[in-house]
Structure formats: structure tokens, C-alpha cells
Amino acid sequence: MTFKLASWRRLALCFTFVLLAPAVVGAAPKILVLGDSLSAAYGIPARQGWVRLLQERLRDAGYTHEVVNASISGDTTRGGLSRLPAALELHRPTLVVVELGGNDGLRGFGPGETRQHLEQIVGHVREAGAEALLLGVQLPGNYGSAFRAKFHQVYHDVARDEAVALVPSFLDGVAEDRSLMQADGIHPSAAAQPRILENVWPALAPLL
């Protein structure tokens with residue numbers, strides 16, 4: 001049997017559709033949150049944490065992104081750096097939100113070490129073809145104004161030198177309000193989580 005040219009073209013289009021369909025219908029883009037207890041919903045139900053609220057905000061706004069929370073309480077930039085490659089390989093995110101460093105400061109790690117780790121994290125994210133959003137944290141007042149300022153400057157320096165988006169003060173308006181903090185004075189309460197999301201959203205939304 002012979003085919004007319006038009007028939008061959010229709011057949012070719014059918015094969016093309018079959019081959020490309022999986023890519024078109026593929027998995028939703030993913031946002032990976034690499035953080036510590038501040039993003040792991042420490043001390044509160046996970047459904048009330050800002051990361052879960054982010055997933056709800058995305059769906060309400062019509063985005064199809066899936067949020068993967070890879071946050072571990074007590075983690076440092078060193079720990080995040082060590083587990084990031086496997087997380088990138090597993091989830092293949094388009095955006096990585098990096099919320100790390102608070103435990104570095106609490107444990108007395110030097111700002112230089114924290115900066116080096118954050119730069120390496122951003123490097124891994126870029127190599128994976130994703131974008132990075134850096135969330136800055138501040139240390140409690142009892143760490144001294146000089147050390148606190150030097151530590152907080154790390155986030156600004158990394159964001160500037162690596163040209164990545166930054167939320168300068170992740171807990172802005174939260175850490176200063178005792179009514180929004182848990183009894184330990186370090187971790188935000190459930191009531192604080194919507195405010196935290198509002199701090200993150202303006203920098204995150206343009207990256208979607």
C-alpha cells in the first residue's frame with residue numbers, strides 16, 4: 001500500500017506528539033526548601049508551618065509548583081551543603097530556597113565558614129540548572145552587636161557576589177515580637193508563620 005504525502009505528514013505528526021507528550025505533561029516544577037528548624041515547623045504541626053502555607057499560596061494563585069521541604073532541625077550550612085547534591089538529583093527543582101546559617105552562629109562558627117558554605121550551595125544549585133533564593137537570619141541580641149552585624153552581612157555579601165535573590169531578614173517582624181515566638185525565644189510560633197510567608201513571598205514570586 002502506498003501513502004500520499006499528506007498521509008505521511010499526518011503520521012509523522014502523530015509520532016511527534018507521542019514522543020513529546022511526556023515532556024509536555026511532565027511532573028510539576030518543584031521548589032526545594034533547604035533549611036533548619038525555622039523551616040521544619042519545629043514545635044508546631046507541619047501543616048501550620050510557613051513551607052506548607054507556601055504550597056497553599058501557590059495553589060490558590062494558580063501555580064502548579066510542588067514544594068519539597070528538605071529542612072532538618074539543627075542543621076547548619078555545612079550539613080545542608082553535604083546533603084544538597086542528593087536532594088537536587090532526587091527532586092530536580094527549578095528553585096531552591098536556602099534558609100540556613102542560624103545554627104552556624106549559635107554554635108560559634110566563623111562568618112567566613114558560613115559564607116563559604118553558602119557560596120558552595122549556590123554553586124551546586126546553579127550547576128543543577130535551578131535558581132536560588134537566600135533567606136537571611138539574625139542572631140539573638142546576646143551574641144553582641146559586632147558579631148551579629150558581621151554574621152548578618154554574610155547574606156548580603158553572598159547575594160551580591162553570587163547575584164542571587166535575598167530576603168534580608170527572614171524573621172522580620174517576628175523575632176522582635178515575643179507573642180509570635182515559642183517559649184524558647186528562638187523558634188516562631190504557629191501564629192508567626194503567615195507573617196514569615198509574607199516576608200518570603202515578594203522575593204520568591206518573581207522567580208516562579
What's the separation between atom NE2 in His91 and atom CG in Leu34, rounded to the nearest 0.5 Å? 10.5 Å
Val167 side chain reached by Leu134 side chain, heavy atoms, under 4.5 Å: no
Distance in Å, His124 NE2 paired with Glu89 CD, rounded so as to fall on 0.5 Å steps: 13.0 Å
Indicate whether any N or O donor in one side chain lies under 3.5 Å from an N or O acceptor in the other, for Ser169 and Gln138. yes
Minimal heavy-atom distance between Ser39 and Asn69, with the atoms involved, is O-ND2, 2.9 Å
CZ/Phe109: more than 12 non-hydrogen atoms of other groups inside 6.0 Å: yes
Across all chains, not counting sequence neighbours, the salt bridge (Lys or Arg N to Asp or Glu O under 4.0 Å) partners of Glu127 are none
Per the ring pair (Phe, Tyr, Trp, His ring centres under 6.0 Å) rule, which among Tyr155, Trp50, Trp201 passes with Phe170? Trp50
Glu176 versus Asp172: any side-chain heavy-atom pair under 4.5 Å? yes
Side chains of Thr76 and Asn103: is there a donor and an acceptor less than 3.5 Å apart? no
Do Leu171 and Leu106 sit in one hydrophobic cluster, given that two such residues count as connected whenever their side-chain heavy atoms are within less than 4.5 Å of each other, even indirectly? yes
What one should report as the nearest heavy-atom pair of Val164 and Ala132 is CB-O, 3.9 Å
Please evaluate residues Glu131 and Val125 with respect to the criterion side chain to side chain contact (heavy atoms under 4.5 Å, CB included), reporting the C-alpha separation (whole Å), side-chain torsions for both, the decisive distance (0.1 Å), and the verdict. CA-CA 6 Å; Glu131 292 191 80; Val125 171; 5.8 Å; no
Over all atoms of both residues, closest heavy-atom pair of Ala159 and Leu166: CB-CB, 3.7 Å
With the 4.5 Å side-chain cut-off for hydrophobic clustering, are Val51 and Leu197 part of the same group? yes
A side-chain contact here means heavy atoms from C-beta on lying under 4.5 Å apart; do Glu99 and Asp36 qualify? yes
For the residue pair Val137 and His152, what are the closest heavy atoms and their distance? O-ND1, 3.3 Å
Looking only at heavy atoms, what is the nearest atom pair of Gly173 and Leu180, with distance? O-CD1, 3.7 Å
Does any part of the side chain of Arg126, heavy atoms only, come nearer than 4.5 Å to the side chain of Glu162, both counted from C-beta? yes
Is it true that Glu198 and Arg57 have a side-chain N and a carboxylate O under 4.0 angstrom from each other? yes
Donor-acceptor pair, side chain of Arg148 and main chain of Leu139, under 3.5 angstrom: yes
Show the numbers, then the answer: is there a side chain to side chain donor-acceptor pair (under 3.5 Å) between Ser189 and Gln182? CA-CA 5 Å; Ser189 66; Gln182 296 183 41; over 6 Å; no
Does some side-chain heavy atom of Asn199 sit less than 4.5 Å from a side-chain heavy atom of Arg195? yes
For the pair Glu113 (side chain) and Asp104 (backbone), establish whether a donor and an acceptor sit closer than 3.5 Å, ignoring hydrogens and angles. no
Which value, rounded to the nearest 0.5 Å, describes the distance between Thr94 atom OG1 and Leu207 atom CG? 9.5 Å
Rounded to the nearest 0.5 Å, what separation is found between the CZ atom of Arg59 and the CG atom of Leu54? 10.5 Å
The single option from Val200, Val68, Leu133, Val67 passing side chain to side chain contact (heavy atoms under 4.5 Å, CB included) against Val33: Val67
Do the side chains of Leu208 and Leu53 join up, straight or via other hydrophobic residues, at under 4.5 Å, putting them in one cluster? yes
Heavy-atom closest pair, residues Gln120 and Leu81: OE1-CD2, 3.0 Å
For the side chain of Ser37 and the backbone of Ser73, is there at least one donor-acceptor N/O pair under 3.5 Å apart? no
Determine whether a donor-acceptor pair (N or O, by modelled atom type, separation under 3.5 Å) exists between the side chain of Gln193 and the backbone of Ala190. no
Nearest 0.5 Å, what's the CG-CD1 distance between Asp75 and Ile72? 5.5 Å
I'd like to check Leu135 versus Val98 (side-chain heavy atoms, cut-off strictly below 4.5 Å). Are they in contact? no
Just checking Arg83: does its CZ atom have more than 12 heavy atoms from other residues, nucleotides or ligands closer to it than 6.0 angstrom? yes
Taking a hydrophobic cluster as the set of Ile, Leu, Val, Met, Phe, Trp and Tyr residues connected by side-chain heavy atoms closer than 4.5 Å, whether directly or through intermediates, do Val97 and Leu90 fall within one such cluster? no
With a 4.5 Å cut-off on side-chain heavy atoms, are Leu100 and Ile121 touching? yes
Carboxylate-amine/guanidinium contact Arg115 Glu119, below 4.0 Å: yes
Contact between Leu32 and Leu95 at the side-chain level, heavy atoms closer than 4.5 Å - yes or no? no
